[in-house]
Amino acid sequence: MSATDSTEKPSSKPMHFIQNIISQDLASGLHQKIATRFPPEPNGYLHIGHAKSICLNFGMAEEFGGACNLRFDDTNPEKENEEFVNSIMEDVKWLGFNWNGKVKYTSDYFDQLFDWAIHLIKNGKAFVCNLSADEMQRYRGNFNEPGKNSPYRDRSVEENLAVFEKMRAGEFEEGTCSLRAKIDMASPNINLRDPILYRIKKAHHHQTGDKWCIYPSYDFAHGQSDAIEGITHSICTLEFEDHKPLYNWFIENLPVPAIPRQYEFARLNINYAVTSKRKLKQLVDENYVDGWNDPRMPTISGMRRRGFTPASLRNFCERIGVTRSDSVVDVGMLEFCVRDDLDKNAPRAMCVLQPLKLTLTNYPADKTEVLTLHNHPSREDLGDREIIFSNTLFIEQEDFREEANKKYKRLVLGKRVRLRGAYVIEAESVVKDASGNIIEVLAKVIEGTLGKDPEDGVKPKGVIHWVSANHNLNCEVRLYDRLFNDEAPDAGGKNFLDAMNPNNLQILENCKAEPSLAKAIVGQGFQFERQGYFCLDSKYSTQEKLVFNRTISLKDSFAKTEEQE
RNA sequence: AGGGGUAUCGCCAAGUGGUAAGGCAGCGGGUUUUGAUCCCGCCAUUCAGAGGUUCGAAUCCUUUUACCCCUGCCA
């Protein structure tokens, strides 16, 4: 909120169509205050696509001074449970949103919904149908042929009332009958061909227990729940557009307390990922990943465990926009958003992932120095930390080469490099094992180079990170790569499992982290200098054994130039 | 007797009759004790195609094409 908003217009983001609709409704006086809702079904964990919907619904309420409800759309007890309810609440809170009042459930309205079903029956607009599922499908017709009226369509109001009451009393088996709206079996919109309002499900419900054995359908429950809650703008995804005439039919034919309006936007798709609860569930159930919150999953809980921040996700949702056209956002956009946030806010630290011993020949073996490093190159408020320097260090294996061309800006035999925050050194010789692997590098410290360039004018080629061999934390680091190699794993008739990236996880043992990382806490992101952004793993990290997840690597233009040669 | 949607740069996306914003990616260059960040520059004579209206069209009209959604007692 800035006092100079009016003068910032040229740089401000243009409004998307939902914002336009809301501001017009407010300007015209249609609404004094808007109300939205985020209506997840608790049958799985939330994913990045839900984040878009959350940001949109809660975002509109925030932006226009309205309220947003969290409402569990719990009309199908067979697929839903409390675990999902809890994870969803946690994810919404973590993203930084507060729902209006207490959590709502569609099941809170089952009594009212039942009364409204009676109302429809009494007005001759609903009937109990005894067609089986198969029969009903045949009566429904198809895209090219109109449906036929159910033989039960003309039951009397009295009979319908009586049979519906028996339905509710549990006198019929599942699948033997259903309550249907009496609309138009010839409608080109199949949703209007006498849709089901209630079906029998003798299932225990996570909120209402065993009170009901009939449950309302999505269509019969959603709009009326919106009306009960005074939702003004009911925002959903494109596939529900065909349901809108039905949504409005209920609103028009029932004595609802308010008139909500439905608006549809395009769901989020991201390349190199799947975002379908069914497929994500399959990855979990068949153990391709380590649970719904596996750091490779595009679930909100997975991304949280991976080290994504709420700000990065919200910024991402802001950047991708809201439209009605199907689109596939490049995962690079998401990666940019995390890097952007973490670069600005994550304290820096050093950690050697694949250690190579480095001995400084002219530095006393019994000497140590305490060096002070800034926690962030530009954020003084993030403070400083101390690092111990000694004559035996670990550097990254890939930061040393016996010989290299001028493009290689790291340590080369006979050449110089700067040890981050410490001295410039020059490599003198290497020690190899029996099979010719370099197991140690010997180098000398160039005197007087702490915080200064060498006096002889021979500047180091680059800077590498390091950690003292006797002053570090042994830890495990997990490097994640995309779960799929195919940018559209589930496009066409493909089996998305065939596209899985076999190298989506690399576990590095015996990494060497600087001692300050002992104070790391779950949820806090660090930049391991020159490597990327990392965070403690909430599941496997312990006091005895630190486990870090790589959230995202740093942009690596060197890797790119190397590739080209 | 099918219906409902959507098409603007590799990817998102503004634009609503006055002569194509911005971001991501990419490509050059500068700064840098992170090959990061940051900074500067380049990146759509053209808006799915074809006609038409107009002084003027991504925007209006006609028509064609492509893609997405809908035939659960799922949401």
Side-chain angles (χ1 to χ4, degrees), chain A residues 10-11 13-16 39-41 43 73 75-76 78-80 129 131-133 136-138 140-147 174-180 186-193 195-201 214-215 217-219 221-222 236-245 264 266 271 277 318-337 339-340 343-344 348 350 373 376-378 407-410 417-422 424 449 451-453 460 462-465 527-532 553-562:
Chain A
S11 63
K13 204 169 186 288
M15 295 203 293
H16 55 64
E41 182 188 12
N43 67 345
D73 212 343
T75 57
N76 187 357
E78 287 163 353
K79 295 184 176 171
E80 303 156 4
C129 182
L131 251 23
S132 70
M136 200 178 293
Q137 191 189 103
R138 282 194 290 277
R140 187 155 38 227
N142 56 46
F143 294 150
N144 300 306
E145 293 180 13
E174 288 188 16
T176 56
C177 59
S178 60
L179 184 72
R180 295 223 263 163
S187 173
N189 182 341
I190 291 173
N191 293 121
L192 262 22
R193 319 244 265 226
I196 286 176
L197 271 36
Y198 269 92
R199 69 285 208 213
I200 300 170
K201 279 182 189 290
I214 59 171
Y215 291 92
S217 62
Y218 162 84
D219 286 310
H222 205 94
C236 63
T237 42
L238 253 22
E239 67 268 26
F240 291 100
E241 184 153 32
D242 288 344
H243 293 245
K244 188 153 57 179
E264 312 83 19
N271 57 13
K277 277 190 200 168
E318 185 70 34
R319 282 168 180 267
I320 58 175
V322 179
T323 69
R324 289 174 58 84
S325 55
D326 292 313
S327 59
V328 181
V329 175
D330 193 316
V331 68
M333 188 89 87
L334 217 205
E335 295 176 350
F336 167 82
C337 290
R339 287 195 181 105
D340 190 48
D343 171 61
K344 290 178 174 68
R348 272 74 294 202
M350 293 197 285
L373 275 72
H376 192 284
S378 57
K407 282 186 178 168
Y408 187 77
K409 306 200 298 188
R410 308 176 188 184
V417 83
R418 158 81 62 187
L419 292 175
R420 176 65 161 163
V424 172
T449 52
K452 292 199 277 288
D453 279 335
V463 181
I464 63 173
H465 56 100
Q527 183 194 104
F528 287 178
E529 293 211 43
R530 302 206 311 128
Q531 298 282 8
S553 67
L554 246 34
K555 252 176 78 177
D556 189 355
S557 54
F558 177 61
K560 202 176 294 174
T561 64
E562 284 263 280

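Just so it is clear: chains get the letters A, B, ... in the order the sequence lines come, proteins before strands, and each one is counted from 1. Side chains are part of it too, since the values below use all heavy atoms of this structure and drop only hydrogens, waters and symmetry mates.
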Ring-on-base stacking B:rC70 with A:F143 (under 5.5 Å, under 30°)
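Given the distance and angle limits, yes, they stack.
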
Using the aromatic ring of A:Y218 (for Trp, its six-membered ring), decide whether it stacks on the base of B:rA75 within the limits of 5.5 Å and 30°.
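One would not call A:Y218 stacked on the B:rA75 base.
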
Nearest-nucleotide wise, let me know which of A:P14 and A:F336 is further upstream toward the 5' end of RNA chain B.
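It is A:P14, whose closest nucleotide lies nearer the 5' terminus.
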
Given RNA chain B, 5'-ward residue of the pair A:Q531 and A:G321, judged by closest heavy atom:
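Residue closer to the 5' terminus by nearest nucleotide: A:G321.
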
Consider side chain to side chain contact (heavy atoms under 4.5 Å, CB included). Of A:I200, A:I214, A:I196, which one does A:S178 pass it with?
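The passing option is A:I196.
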
[atom1] atoms of [N] and [M], separation to the nearest Å:
N      : M      : atom1 : value
B:rC69 : B:rU37 : C1'   : 43 Å
B:rG41 : B:rC47 : C1'   : 26 Å
B:rC55 : B:rC38 : C1'   : 48 Å
B:rA7  : B:rA13 : C1'   : 13 Å
B:rA57 : B:rG52 : P     : 12 Å

Within this structure, what is the [atom1]-to-[atom2] distance between [X] and [N], rounded to whole angstrom?
X      : N      : atom1 : atom2 : result
A:L192 : B:rU71 : CG    : C1'   : 14 Å
A:L238 : B:rC68 : CG    : P     : 13 Å
A:R420 : B:rU32 : CZ    : C1'   : 10 Å
A:Y198 : B:rC74 : OH    : P     : 15 Å
A:D556 : B:rA25 : CG    : P     : 14 Å
A:H243 : B:rG4  : NE2   : C1'   : 11 Å
A:N76  : B:rC73 : CG    : C1'   : 10 Å
A:E318 : B:rA14 : CD    : C1'   : 14 Å

Could you walk me through whether A:E264 and A:E239 pass the side-chain contact (heavy atoms from CB on, under 4.5 Å) check?
CA-CA 8 Å; A:E264 312 83 19; A:E239 67 268 26; over 6 Å; no

Of the listed nucleotides [options], the one nearest the side chain of [X]:
X      : options                : answer
A:E41  : B:rA75, B:rC69, B:rA14 : B:rA75
A:R319 : B:rC70, B:rG23, B:rU6  : B:rG23
A:K555 : B:rC70, B:rC12, B:rG26 : B:rG26
A:R199 : B:rG23, B:rA36, B:rA75 : B:rA75
A:K409 : B:rG35, B:rA36, B:rA21 : B:rG35
A:I190 : B:rC70, B:rA14, B:rA75 : B:rC70
A:N142 : B:rU71, B:rA75, B:rU33 : B:rU71
A:E241 : B:rG5, B:rU33, B:rC11  : B:rG5
A:S327 : B:rC24, B:rA36, B:rA13 : B:rA13
A:R324 : B:rU6, B:rC74, B:rA36  : B:rU6

Identity of whatever pairs with B:rA7 - Watson-Crick or G-U, under 3.5 angstrom:
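WC or wobble partner is B:rU65.
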
Pairing partner of B:rC74 (Watson-Crick or G-U wobble, both distances under 3.5 Å):
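WC or wobble partner does not exist here.
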
Does the base of B:rU34 carry an N or O that pairs as donor and acceptor with the side chain of A:Q527 under 3.5 Å?
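Counting by modelled atom types and ignoring angles, a donor-acceptor contact under 3.5 Å is found here.
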
Mind checking A:A186 for me? I need base, sugar-phosphate or nothing, with any heavy atom below 4.0 Å counting as a touch.
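It contacts base atoms.
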
Base, sugar-phosphate or nothing for A:K201? Non-hydrogen atoms, less than 4.0 Å.
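Touches sugar-phosphate only.
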
Is B:rG29 in the syn range, within 90° of 0, or in the anti range?
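That one's anti.
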
Under 4.0 Å between a Lys/Arg side-chain N and an Asp/Glu carboxylate O for [X] and [Y]?
X      : Y      : result
A:E174 : A:K201 : no
A:D556 : A:R530 : no
A:E335 : A:K555 : no

Derivation and outcome, side chain to side chain donor-acceptor pair (under 3.5 Å), residues A:S325 and A:T323
CA-CA 6 Å; A:S325 55; A:T323 69; 3.3 Å; yes

For A:R324 and A:L238, indicate whether the former's side chain and the latter's backbone hold a donor-acceptor pair under 3.5 Å.
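No, because the side chain of A:R324 does not come within donor-acceptor range (under 3.5 Å) of the backbone of A:L238.
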
Do the side-chain N or O atoms of A:R339 get closer than 4.0 angstrom to the phosphate oxygens (OP1, OP2) of B:rA36?
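Negative; the distance criterion is not met.
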
Aromatic rings A:F240 and A:Y218: how do their planes relate, parallel, tilted or perpendicular, breaks at 30° and 60°?
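Answer is tilted, since the angle falls between 30° and 60°.
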
